[in-house]
Q: 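Just passing along the structure, written as structure tokens.
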Amino acid sequence: MKYFIIAGEASGDLHGSNLIKELNALDPGLEIVGWGGDKMKAARCKILKHIDELAFMGFAEVISNIGRILRNFKQCKKQISEFKPDVVIFVDYPGFNLRMAKWVKQRGYSTAYYISPTVWAWKENRVKTIQKYVDRMICILPFEKAFYAKWGYEAEYVGHPTVEVVRSEKGKPQALPDEKVIALLPGSRKQEISKMLPIMLEVIESFKDFKIIIAQAPNLKDEVYEPFLKGRSIHLLQHRTYDILKIADAAIVTSGTATLETALFRVPQVVCYIANPISYSIARRLVKVKYISLVNLILNRESVRELIQSDVTVESITTELSMLLKDEKRRKEILDDYEELEKLLSRDGTASRKAAEIVWQLALKK
């Protein structure tokens, strides 16, 4: 069978790669090409466009890059038309993928969407687009299946793929020395890092007894971080986020998939997020969710402290981080919540395998 897959961010590259590995096991003679990153390439996908060229964060950033985005649509359509896949697989990245799904389905291709767009958070009417143009929606959050059912659309919940990724790493020996460690996870985009890393570095000035390790995004080079690190004794490690989390006592995390990964490694965390002011102003009017971190969203309560926009200060982060490191009651509360979280996200088997089976069965119907 022939598959065309589109992932536009680092997390999509990771989960897309695991999906591809399972598809290879089910369909050994497959051909798979698409948009993604190094992990998908290592899993035997021919990458036609790399995620380094694709990530735009926020309304203002999208508008300023509109010409480039339109060219991307044109290029992707051409590649799909030439390849003629049995199934087009969309991995997250909804701003691009939902529009592509419409074009793809109108031309008669089968469509599968892995990792649902957050239609439950904002622009709920996007469900109508999904109903028309997505043959199989594969969800990774437990409440999403019920959400789609309200619209009369049958989605599949397969569990969260991050659970299986973290479990596979937990048993491996620690690759870093066992010391008192604070992990800094400032994000995977240059915009996030330029906003968050300077504040994080000010915070850790109050924690001289700890080794400070920055988890470098796999898609970014050292020079993105180096201007902020001059004269500081701080470790910057790429492709080692899980090794860092294995030994971290606490973490400061920019909102995103990293909040979930940090929780699954049982690391108490404070979550911070600063968006472009224009983007944030628009989002505040449109987004309906109470929380920004996946941990709190899934538990449906504030388990980890969230600091957003003007609340992101050196003082507020320092206060919460000190509590996470010193208050045993607070640490136990968070760790108990993390255990509950993992149970909610776990299912028999693996999310990647179940997702691959759904995609493969769709291909077989061609």
Side-chain angles (χ1 to χ4, degrees), residues 9 11-12 14-16 18-19 89-95 97-98 101 111-167 253 255-264 269 271 273 283-284 286-306 308 333-359:
E9 298 175 306
S11 61
L14 171 62
H15 300 315
N18 288 326
L19 175 66
I89 308 164
F90 305 99
V91 185
D92 202 1
Y93 198 47
N97 275 339
L98 279 180
T111 56
Y113 209 117
Y114 184 40
I115 306 179
S116 169
T118 55
V119 288
W120 36 268
W122 73 295
K123 293 180 70 174
E124 192 169 321
N125 61 359
R126 289 181 294 173
V127 175
K128 296 175 183 177
T129 298
I130 291 167
Q131 287 172 320
K132 287 181 181 178
Y133 306 118
V134 176
D135 294 318
R136 304 299 298 273
M137 174 59 70
I138 306 166
C139 301
I140 64 171
L141 297 176
F143 55 81
E144 290 176 325
K145 184 176 176 69
F147 168 82
Y148 279 110
K150 291 192 306 182
W151 284 80
Y153 181 84
E154 185 179 357
E156 297 284 345
Y157 172 55
V158 296
H160 204 293
T162 301
V163 174
E164 67 199 67
V165 174
V166 170
R167 283 177 176 171
V253 186
S255 181
T257 304
T259 64
L260 181 57
E261 293 171 320
T262 303
L264 292 172
Q269 64 184 297
V271 177
Y273 189 72
R284 191 172 60 176
L286 298 175
V287 176
K288 297 184 291 185
V289 294
K290 293 185 287 184
Y291 308 110
I292 61 167
S293 73
L294 281 171
V295 176
N296 292 343
L297 275 169
I298 295 163
L299 290 173
N300 196 30
R301 63 177 183 273
E302 187 174 44
S303 170
V304 299
R305 179 78 187 280
E306 297 183 351
I308 307 170
E333 287 173 351
I334 290 179
L335 295 177
D336 288 345
D337 286 345
Y338 286 173
E339 186 174 349
E340 179 184 345
L341 177 77
E342 184 167 346
K343 289 177 181 176
L344 286 170
L345 294 175
S346 301
R347 306 208 63 188
D348 295 334
T350 69
S352 300
R353 179 72 178 195
K354 289 178 181 178
E357 288 171 350
I358 292 168
V359 172

Q: Working to the nearest 0.5 Å, report the span between CD of E9 and OH of Y93.
A: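 It comes to 7.0 Å.
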
Q: How many angstroms lie between atom CZ of F90 and atom CD1 of I115, to the nearest 0.5 angstrom?
A: 14.0 Å

Q: Does K290 reach the side chain of N300, with side-chain heavy atoms less than 4.5 Å apart?
A: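 Counting from C-beta outward, K290 and N300 do come under 4.5 Å.
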
Q: Heavy-atom distance under 4.5 Å between the side chains of S346 and R167, does that happen here?
A: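 They are in side-chain contact.
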
Q: Taking all atoms of both residues into account, what is the closest heavy-atom pair of S11 and T257, and its distance?
A: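 The pair with the smallest heavy-atom distance is CB-OG1, 3.8 Å.
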
Q: For E340, which residues count as a salt bridge (Lys or Arg N to Asp or Glu O under 4.0 Å) partner, sequence neighbours excluded?
A: R301

Q: Between Y153 and Y148, how do the two ring planes meet: parallel, tilted or perpendicular, split at 30° and 60°?
A: tilted

Q: Can you confirm whether N18 sits close enough to P161 that some side-chain heavy atom of one is under 4.5 Å from a side-chain heavy atom of the other?
A: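 SC-SC contact between N18 and P161 ruled out.
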
Q: Would you name the heavy atoms of D92 and N97 that are closest together and state the gap between them?
A: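 Reported closest heavy-atom pair: O-ND2, 2.9 Å.
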
Q: Give the intermediate values and the outcome of side-chain contact (heavy atoms from CB on, under 4.5 Å) for residues V119 and I130.
A: CA-CA 10 Å; V119 288; I130 291 167; 4.0 Å; yes

Q: For residues T162 and L264, determine if any side-chain heavy atom of one lies less than 4.5 Å from a side-chain heavy atom of the other.
A: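 In short, these two side chains touch, coming nearer than 4.5 Å.
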
Q: Drop me the distance from L344's CG to E342's CD, to the nearest 0.5 angstrom.
A: 10.5 Å

Q: For the atom pair CD (E124) and CH2 (W151), what is the distance rounded to the nearest 0.5 Å?
A: 5.0 Å

Q: Does the side chain of S303 pick up a donor-acceptor pair with the side chain of D337 at under 3.5 Å?
A: yes

Q: Please list, one pair per line, the donor and acceptor atoms closer than 3.5 Å that link side chains of residues 132-142 to other protein atoms, with sequence neighbours excluded.
A:
{"from": "D135", "atom 1": "OD1", "to": "K105", "atom 2": "NZ", "distance (Å)": "3.0"}
{"from": "D135", "atom 1": "OD2", "to": "K105", "atom 2": "NZ", "distance (Å)": "3.0"}
{"from": "D135", "atom 1": "OD2", "to": "T111", "atom 2": "N", "distance (Å)": "2.8"}
{"from": "R136", "atom 1": "NH2", "to": "E156", "atom 2": "OE2", "distance (Å)": "3.1"}

Q: Nearest 0.5 angstrom please: H15 NE2 to H160 NE2, how far?
A: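 That separation rounds to 5.5 Å.
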
Q: Could you tell me which non-hydrogen atom of N296 sits nearest to which non-hydrogen atom of E306, and how far apart they are?
A: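 Distance-wise, the nearest heavy atoms are ND2-OE2, 2.9 Å.
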
Q: Where is the tightest heavy-atom contact between E164 and A351, given as atom of each residue plus distance?
A: OE1-N, 2.7 Å

Q: When you compare the side chain of I358 with that of V158, does any pair of heavy atoms fall below 4.5 Å?
A: yes

Q: Can you see which heavy atom on Y114 is nearest to which on A355, and at what distance?
A: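 Closest approach of Y114 to A355, heavy atoms only: CE1-CB, 3.5 Å.
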
Q: Quick one: does Y291's side chain get under 4.5 Å of E302's, heavy atoms only?
A: yes

Q: The criterion is side chain to side chain donor-acceptor pair (under 3.5 Å); which residues satisfy it with Y113, sequence neighbours excluded?
A: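 Result, side chain to side chain donor-acceptor pair (under 3.5 Å) vs Y113: none returned.
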
Q: If you measure from NZ on K145 to CD on E154, what distance do you get to the nearest 0.5 Å?
A: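 Separation between the atoms: 5.0 Å.
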
Q: Test side-chain contact (heavy atoms from CB on, under 4.5 Å) on V295 and Y338 and set out the steps.
A: CA-CA 8 Å; V295 176; Y338 286 173; 4.3 Å; yes

Q: Let's go through R126 and T118 carefully: what are the C-alpha distance in whole Å and the side-chain angles of both, what is the deciding distance for side-chain contact (heavy atoms from CB on, under 4.5 Å) to 0.1 Å, and is it a yes or a no?
A: CA-CA 9 Å; R126 289 181 294 173; T118 55; 4.2 Å; yes

Q: Which atom names give the shortest non-hydrogen contact between L19 and S352, and what distance separates them?
A: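 So the two residues come closest at CD1-O, 3.9 Å.
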
Q: Looking at side-chain heavy atoms only, is the closest gap between W120 and V127 below 4.5 Å?
A: no

